[in-house]
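Okay, structure first, notes after.
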Amino acid sequence: MRLSRYFLPVLKETPGEAQVVSHQLMLRAGMIRQTAAGIYAWLPLGLRVLRKIEQIVREEQDNAGAVELLMPTIQSAELWKQSGRYDAYGPEMLRITDRHDREMLFSPTAEELFTTIFANGVKSYRDLPRILYQIQWKFRDEIRPRFGVMRGREFLMKDAYSFDPDLAAARHSYNRMFIAYLRTFARMGLHAIPMRADTGPIGGDLSHEFIVLAPTGESDVFYHSNWEAARDTTVDADDAAALQAYVDRLNTDYAATDEKRDAGLEAEAGAALKQSRGIEVGQIFYFGTKYSAAMGLSVQGADGTAIVPHMGSYGIGVSRLMGAIVEASHDKDGIVWPEAVAPYKVALINLRADDAGCTAAADALYDRLSAAGVEVLYDDRDERGGAKFATADLIGVPWQVVIGPKGVAAGTVEVKRRGAGTKDEMSVEAAVAKLT
RNA sequence: CGGGGCGUAGCUCAGCCCGGUAGAGCGCUGCCUUCGGGAGGCAGAGGCCGGAGGUUCGAAUCCUCUCGCCCCGACCA
């Protein structure tokens with residue numbers, strides 16, 4: 001993409017509305033704009049990162065055996081009355097009336113709809129187990145939205161729902177999501193710690209929150225120092241016993257949110273007990289037959305009797321993850337994207353757009369990299385070098401390739417690593433080899 | 001919903017207390033000089049001072065109401 005034809009409204013100064021660094025940088029980098037409290041427009045650069053995060057989430061859900069579908073954002077109140085949550089959910093649910101005075105709502109989550117749709121499509125125990133998921137916009141009318149996309153009212157969420165014949169099978173589904181979540185966050189360069197959590201209004205008795213440690217997080221969290229090291233996620237998720245052993249082993253190290261603290265276990269951890277603030281990027285629940293019973297989901301078992309499936313639900317805040325990643329990965333000059341979620345892999349900087357030699361060299365390299373499938377943002381604007389460097393640093397693209405008159409004369413380009421700040425002069429051939 | 005703060009140019013803000021022709025820096029447009037880390041000069045464009053009432057000869061400024069945004073708390077799959 002040529003920057004001269006892109007839409008990248010970067011800000012030199014920090015807007016007053018933003019208080020946390022991720023919000024400030026996402027506004028400055030031209031990724032998002034706020035349109036109302038807790039509601040954001042996603043600009044081209046922000047949308048690209050959102051899509052990258054979404055795709056990683058999708059791939060790991062698919063790897064876990066989950067099946068993607070898409071539910072509507074606007075739902076009828078009927079199903080919610082059936083489960084009892086139409087009244088229970090409270091003012092956080094955005095209620096809408098259509099032209100016929102029918103009660104509608106903007107979905108804050110989708111247990112009822114998934115359960116109902118699933119119930120209509122299955123009849124036999126042979127249809128179990130299944131895990132279905134979607135990546136869809138949600139709306140929760142938060143009392144006080146804040147921190148940019150980390151606590152918005154409208155947000156992109158991956159929500160998955162598992163259906164199993166019994167508790168043991170449901171636990172395996174839960175564990176599949178548990179390991180899938182660890183893998184998902186690790187791929188984004190995030191170290192997320194699973195913590196025993198409150199189940200909240202969703203019900204059930206088994207739940208973990210996945211927390212990324214950050215001083216600006218909203219939750220107080222407590223954990224054993226063993227959690228500070230990254231965890232190996234090598235385990236065969238199809239082997240229920242091996243997976244259960246893996247999960248059990250991880251859970252021997254204490255980690256809990258404020259609501260689930262255990263004085264005894266904390267005393268056991270002793271000096272290894274750490275306290276921090278954290279950002280919740282995902283949560284998983286097992287809640288038995290709460291919704292399957294309420295929504296009339298049952299299948300026929302092998303012996304002819306009815307089976308009410310055990311369910312779980314599993315959420316990842318896709319748009320919130322972007323804020324969490326920026327919180328975890330930035331410096332004084334701007335964002336430092338992990339390569340897996342970077343909007344572009346390479347920022348190609350033509351230092352002298354007014355110099356025919358530089359422009360010819362930059363155009364040629366842009367064409368070569370693009371042809372090789374490398375995602376390049378080519379700064380071909382007629383700006384001074386300093387402004388281009390500042391923009392490239394701000395938007396945090398992992399690799400910067402600088403083409404200037406000195407290099408063109410010497411037949412070299414400069415390749416800079418955004419995170420480490422290291423710069424290397426090399427031939428065009430070497431640069432192409434390095435970046436493809 | 002309680003408490004606090006802020007709405008003035010695209011952005012960051014000054015002006016308001018103490019009423020009297022709407023400002024600065026950055027950004028933007030044009031020309032010139034410059035060109036390896038947000039350059040310099042000159043000339044410009046750009047504002048219903050969030051909105052509605054009121055007080056006054058006169059309101060960005062004082063009063064009332066209202067809308068919006070931010071922060072703290074409560075709240076929070």
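Each chain gets a letter, A, B and so on, in the order its sequence line appears, and its residues count up from 1.
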Checklist line | 5' priority, RNA chain B, between A/Pro15 and A/Thr35 [closest heavy atom] | finding: A/Pro15
Next item on the list: Would you mind telling me which of B/A74, B/G38, B/C11 lies closest to the side-chain atoms of A/Glu13?
Entry: B/C11
Item checked: 4.5 Å side-chain heavy-atom contact, A/Thr184 and A/Met188 -> yes
Next item on the list: Side chain of A/Arg144 only, please: which of B/C69, B/A39, B/G73 is the nearest?
Entry: B/G73
Next item on the list: Tell which nucleotide pairs with B/C49, taking only Watson-Crick or G-U wobble pairs whose two distances are both under 3.5 angstrom.
Entry: none
Next item on the list: Assign each of A/Ala36 and A/Arg320 to its nearest nucleotide of RNA chain B by heavy atoms, then name whichever residue's nucleotide is nearer the 5' end.
Entry: A/Ala36
Note to self: Expressed as a whole number of angstroms, how long is the span from A/Glu17:CD to B/G5:P?
What the structure shows: 21 Å
Note to self: By the 4.0 Å heavy-atom rule, please label A/Lys416 as base, sugar-phosphate, or nothing.
What the structure shows: base
Checklist line | A/Phe163 six-ring centre to A/Arg130 NZ/CZ under 6.0 Å and within 45° of normal | finding: no
Next item on the list: With rounding to the nearest 0.5 Å, note down the distance linking CH2 in A/Trp137 to OG1 in A/Thr73.
Entry: 11.5 Å
Item checked: Whole-Å C1' distance, B/G5 and B/C16 -> 16 Å
Checklist line | Euclidean distance for P, B/C67 against B/A52 (whole angstrom) | finding: 15 Å
Next item on the list: State whether A/Arg352 places a side-chain N or O below 4.0 Å from either non-bridging phosphate oxygen (OP1 or OP2) of B/C35.
Entry: no
Note to self: Could you tell me how far B/G2 sits from B/A77 if I compare only their P atoms? Round to whole Å.
What the structure shows: 23 Å
Next item on the list: Report yes or no: is the cationic atom of A/Lys274 (NZ for Lys, CZ for Arg) closer than 6.0 Å to the six-membered ring centre of A/Tyr223, at no more than 45° off its axis?
Entry: no
Next item on the list: Report yes or no: is there a donor-acceptor pair, N or O only, under 3.5 Å between the side chain of A/Asp354 and the base of B/C35?
Entry: yes
Next item on the list: Could you please name the option among B/C1, B/A39, B/C69 that lies closest to any side-chain atom of A/Arg384?
Entry: B/A39
Next item on the list: Considering only atom P, compute the distance from B/C70 to B/U12 and round it to an integer number of Å.
Entry: 13 Å
Next item on the list: Using atom OH of A/Tyr291 as one end and atom P of B/A77 as the other, report the distance to the nearest whole Å.
Entry: 11 Å
Notebook entry, point to check: What does A/Ala18 touch in the nucleic acid at a heavy-atom separation under 4.0 angstrom: a base, only the sugar-phosphate, or nothing?
Noted result: nothing
Item checked: Other residues, nucleotides, ligands: >12 heavy atoms within 6.0 Å of A/Arg153 CZ -> yes
Next item on the list: Take the protein atom CD1 of A/Ile39 and the nucleotide atom C1' of B/C70, then report the distance between them rounded to whole Å.
Entry: 16 Å
Next item on the list: Just name whichever nucleotide pairs with B/C28, Watson-Crick or G-U, keeping both distances under 3.5 Å, else none.
Entry: B/G44
Margin query: I need the CD-P distance between A/Glu92 and B/C1, as an integer number of Å.
Written below: 15 Å
Margin query: Of the options B/C69, B/G36, B/C35, whose atoms approach the side-chain atoms of A/Glu425 most closely?
Written below: B/G36
Margin query: Side chain of A/Ala387, heavy atoms from C-beta onward: which of B/G38, B/C71, B/G36 has the nearest atom to it?
Written below: B/G38
Check: So does A/Glu414 reach the base of B/G36 with its side chain, donor to acceptor, closer than 3.5 Å?
Finding: yes
Notebook entry, point to check: Parallel, tilted or perpendicular for A/His208 and A/Phe210, by the 30°/60° rule?
Noted result: tilted
Notebook entry, point to check: Which nucleotide sits closest to the side chain of A/Val402: B/C11, B/A77, B/G36?
Noted result: B/G36
Checklist line | Nucleotide nearest A/Arg28 (side chain, heavy atoms from C-beta), chosen from B/G38, B/G36, B/A77 | finding: B/G38
Check: Hey, are the side chains of A/Asp380 and A/Leu348 touching, using non-hydrogen atoms and a 4.5 Å cut-off?
Finding: no
Next item on the list: For B/C75 and B/C17, measure between their C1' atoms and round to the nearest Å.
Entry: 38 Å
Next item on the list: Using whole Å, report how far CG of A/Leu27 lies from P of B/U12.
Entry: 10 Å
Note to self: Under 4.0 Å from OP1 or OP2 of B/G36: is there any side-chain N or O of A/Lys406 that close?
What the structure shows: no
Item checked: Base-pairing assignment for B/A59 (Watson-Crick or G-U wobble, both under 3.5 Å) -> none
Next item on the list: Would you please say whether a donor-acceptor pair under 3.5 Å links the side chains of A/Glu111 and A/Thr109?
Entry: yes
Notebook entry, point to check: Base, sugar-phosphate, or nothing for A/Thr391, non-hydrogen atoms under 4.0 angstrom?
Noted result: base
Note to self: Could you tell me how far apart A/Glu142 (CD) and B/A74 (P) are, to the nearest whole angstrom?
What the structure shows: 15 Å
Next item on the list: With heavy atoms under 4.0 Å as the rule, sort A/Gly315 into base, sugar-phosphate or nothing.
Entry: nothing
Item checked: Whole-Å C1' distance, B/G19 and B/C62 -> 8 Å
Check: When all nucleic acid strands are considered with a 4.0 Å heavy-atom cut-off, which category describes A/Lys158: base, sugar-phosphate, or nothing?
Finding: nothing
Item checked: Value in whole Å for how far the C1' atom of B/U34 lies from CD of A/Glu383 -> 14 Å
Note to self: Any salt bridge linking A/Glu339 with A/Arg187? Criterion: basic side-chain nitrogen under 4.0 Å from a carboxylate oxygen.
What the structure shows: no
Next item on the list: Taking atom P in both B/C57 and B/G41, compute the distance separating them and give it to the nearest angstrom.
Entry: 48 Å
Check: Expressed as a whole number of Å, how far does the P atom of B/G7 sit from that of B/G15?
Finding: 10 Å
Notebook entry, point to check: When you measure from the side chain of A/Gln19, which nucleotide among B/A77, B/C71, B/C69 comes out closest?
Noted result: B/C71
Check: A/Lys12 has a side chain; which of B/G36, B/C69, B/G38 sits nearest to it?
Finding: B/G38
Next item on the list: Report which part of the nucleic acid A/Gly317 touches: base, sugar-phosphate, or nothing (heavy-atom distance under 4.0 Å, all strands).
Entry: nothing
Check: What's the closest nucleotide to the A/Arg146 side chain, out of B/G36, B/G38, B/C71?
Finding: B/C71
Note to self: Could you check whether the side chain of A/Gln34 and the base of B/G68 have a donor-acceptor pair of N or O atoms closer than 3.5 Å, going by distance alone?
What the structure shows: no
Next item on the list: Let me know the distance between CD1 of A/Ile395 and P of B/G38, rounded to the nearest Å.
Entry: 18 Å
Notebook entry, point to check: B/A39 pairs with which nucleotide, Watson-Crick or G-U wobble, both distances below 3.5 Å?
Noted result: B/U33
Checklist line | Any strand: nucleotide that pairs with B/A74 via Watson-Crick or wobble, under 3.5 Å | finding: none
Margin query: Let's test this: given Watson-Crick or G-U wobble pairing with both distances under 3.5 Å, identify the partner of B/G23.
Written below: B/C13
